[in-house]
Amino acid sequence: MEHLVTSGTFSLDGGTWDVDNNVWLVGDEHEVLVIDAAHDADAIAAAVGERRLTAIVSTHAHDDHIDAAAELADRTGAPILLHPDDAVLWRMTYPDREPDRALADGDELTVGGTTLRVLHTPGHAPGAVCLYAPDLATVFSGDTLFNGGPGATGRSYSDFGVIIDSIRDHLLALPGETVVRTGHGDPTSIADEAPHLQEWISRGH
């Protein structure tokens with residue numbers, strides 16, 4: 001498991017913000033997959049190195065999580081994987097190109113002997129997914145769950161009640177020691193976040 005931070009912008013609903021994104025690589029010395037090809041295809045390709053890139057997995061299709069995906073795919077031949085419920089967001093960045101494969105809840109992706117299970121966790125975006133790797137005691141949460149609470153739900157195609165259901169039903173059901181590796185910022189754990197569910201609900205954002 002490897003980690004890059006790339007920097008760029010996020011744009012939606014007429015606004016643009018500077019952001020730093022976590023890019024995760026999972027695999028071994030022979031093959032690897034990338035979770036969220038954000039901003040900098042050169043840096044991500046350098047991290048992949050001579051290994052075979054088996055897939056570019058998008059946790060959701062906000063532009064800051066996919067803006068390097070097409071270039072990285074073209075350079076490596078790796079397929080881009082996205083849940084189809086995020087097609088409307090995908091087309092804002094890539095109106096003339098489709099993802100290569102659809103993700104569905106319960107899918108399993110195996111790379112370098114590590115299996116990642118796809119959890120469909122809508123709320124921040126309709127097609128948001130998390131990737132649970134039991135052997136690594138890790139879940140890659142995209143922008144669904146952060147250190148400190150749920151991902152943002154104040155913009156188009158997001159819903160607070162839905163993200164709370166996703167976190168409660170899919171993520172807080174994981175073992176407490178599971179490390180949450182997020183789309184932005186510092187990691188956390190299921191045990192650290194689970195006690196705060198009612199607090200998030202009462203806060204309502």
So, [X] versus [Y]: side-chain donor-acceptor pair below 3.5 Å or not?
| X | Y | answer |
| --- | --- | --- |
| T114 | D135 | no |
| D64 | N21 | yes |
| T144 | T121 | yes |
| H196 | E193 | no |
| D86 | H60 | no |
| T54 | E31 | no |
| S141 | T182 | no |
| H62 | D143 | no |

field: Verdict with supporting geometry, H3 and N22, side-chain contact (heavy atoms from CB on, under 4.5 Å)
entry: CA-CA 7 Å; H3 174 218; N22 293 324; 2.8 Å; yes

- prompt: Does a side-chain N-to-carboxylate-O contact under 4.0 Å join D74 and R97?
  reply: yes

query: Do you know which of D36, V34, D40 makes side-chain contact (heavy atoms from CB on, under 4.5 Å) with V23?
result: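 With V23 as partner, side-chain contact (heavy atoms from CB on, under 4.5 Å) holds for just one option, V34.
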
- request: Please say which of T59, V129, L81 ends up in a side-chain contact (heavy atoms from CB on, under 4.5 Å) with I35.
  value: T59

message: For a side-chain hydrogen bond (donor to acceptor under 3.5 Å, both in side chains) check, start with the C-alpha distance between D20 and H184, then their side-chain angles and the critical distance, and finish with the verdict.
response: CA-CA 6 Å; D20 296 325; H184 309 270; over 6 Å; no

message: One pair to check against salt bridge (charged side-chain N to carboxylate O under 4.0 Å, His left out): R75 and D42. What are the steps and the verdict?
response: CA-CA 10 Å; R75 288 166 63 159; D42 288 338; 2.6 Å; yes

message: Can you tell me how far apart CG (D13) and OG (S158) are? Round to the nearest 0.5 Å.
response: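 These two atoms lie 8.0 Å from each other.
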
query: About how many Å separate CD1 of I163 and CG of L145, when rounded to the nearest 0.5 Å?
result: 8.0 Å

Spell out, as yes or no, whether a donor-acceptor pair under 3.5 Å connects the side chain of [X] to the backbone of [Y].
| X | Y | value |
| --- | --- | --- |
| T178 | L174 | no |
| Y157 | G123 | no |
| R168 | D165 | no |

task: Apply side-chain contact (heavy atoms from CB on, under 4.5 Å) to the pair H124 and F146, showing each step before the final yes or no.
output: CA-CA 12 Å; H124 179 71; F146 288 108; 5.8 Å; no

Can you list, pair by pair, the side-chain donor-acceptor contacts under 3.5 Å of residues 99-107, counting residues two or more places apart and other chains?
unit_1	atom_1	unit_2	atom_2	d
D100	OD2	I80	N	2.8
D105	OD1	H120	N	2.8
D107	OD2	A104	N	2.9

task: Evaluate side-chain hydrogen bond (donor to acceptor under 3.5 Å, both in side chains) for T16 paired with S11, printing each intermediate quantity in order.
output: CA-CA 4 Å; T16 297; S11 298; 2.7 Å; yes

query: Would the H65 and H39 ring centres measure less than 6.0 Å apart?
result: no

